[in-house]
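Quick notes on the structure that follows.
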Amino acid sequence: MGLSEIKERIAKAEADAGREAGSVKLIAVSKVQPDDRVRAVLGEGHRLFGENKVQEAAGKWPGFRDEFDGVQVHLIGPLQSNKTRQAIELFEAIHSVDRPKLAKTIARIAQEIGRCPDLFLQVNTGEEPQKAGVLPAEADAFIDECRGLDLPVRGLMCIPPVDEAPSLHFSLLAKIAARNGLEGLSMGMSDDFEQAIALGATHIRVGSAIFGERVPG
Ligand SMILES: *Cc1c(COP(=O)(O)O)cnc(C)c1O
């Protein structure tokens, strides 16, 4: 499909939803993609990327940052507490803050370093046992707790269950964000980003529709 087609579809979805042009940020999810595909997208001028593993990002992005100006990389996958320092140093934003212990660790290390990435709190909207995130019923308390730690909470993130209509999950996430006065909504992937934009997404995470199918590592 490719970057330019996705950008056109985003512009159309913004217009259809009566939203300002450019109000949705496209995170190009480059996990597991070969370097030449990532470099091609950088060459087209795109600068915002998403990775789901700290280790993989640490191997690939310092080099690309030397090669290209203005690169931003967001962590969108689960973060183990023992990789927190590395994550704070590597990423401009973390979308997977999913438990109080991790929030406390981020607060402590960010304080030490004197800098903290933008944070999105992950909500397990489908209440799936295998999935990360706080339950919807716990979200308000978790948001308060993170704010109490002085963390830069920009918004919420969700990954809907594969076998359910994503729009129900996007609406739920938007509702929780609105009642807590949060503006950021990280939701929508290759198959459903237009629905996410219609329901208020500010950050969409699109991988395979830009880069092609992921090559198994
Ligand atoms: C891989 C991934 C994506 C992108 O998925 P595509 O279906 O390739 O667009 C988005 N969000 C998260 C959290 C991911 O791990």
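In listed order, ligands and their atoms are each counted from 1.
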How far is [atom] from its nearest protein heavy atom, and which residue and atom is that?
{"atom": "atom 9 (O) of ligand 1", "value": "Ser190 OG, 2.5 Å"}
{"atom": "atom 1 (C) of ligand 1", "value": "Lys31 NZ, 1.5 Å"}
{"atom": "atom 5 (O) of ligand 1", "value": "Met189 CE, 3.7 Å"}

Using a heavy-atom cut-off of under 4.0 Å, does the side chain or the backbone of Asp191 touch ligand 1, or both, or neither? neither

Can the ring centroids of Phe91 and Trp61 be said to lie less than 6.0 angstrom from one another? no

Numbering as shown, the atoms of ligand 1 that approach [X] to under 4.0 Å (heavy-atom distance):
{"X": "Ile159", "value": "13 (C)"}
{"X": "Gly207", "value": "4 (C), 6 (P), 8 (O), 9 (O)"}
{"X": "Arg205", "value": "4 (C), 9 (O), 10 (C), 11 (N), 12 (C), 13 (C)"}
{"X": "Ser208", "value": "6 (P), 7 (O), 8 (O), 9 (O)"}

Does a donor on one side chain sit under 3.5 Å from an acceptor on the other, for [X] and [Y]?
{"X": "Ser4", "Y": "Arg9", "answer": "no"}
{"X": "Gln122", "Y": "His95", "answer": "no"}
{"X": "His203", "Y": "Ser186", "answer": "no"}

Which option wins on minimum heavy-atom distance to atom 13 (C) of ligand 1: Ile210, Ile76, Val206? Ile76

Might you confirm whether atom NZ of Lys60 has over 12 heavy atoms from other residues, nucleotides or ligands at distances under 6.0 Å? yes

Distance check, rounded to the nearest 0.5 Å: Ile6 atom CD1 versus His46 atom NE2? 11.0 Å

Can you say whether the rings of Phe68 and Phe64 are parallel (under 30°), tilted (30 to 60°) or perpendicular (over 60°)? tilted

Ligand 1 contact by Arg214, heavy-atom criterion under 4.0 angstrom: yes

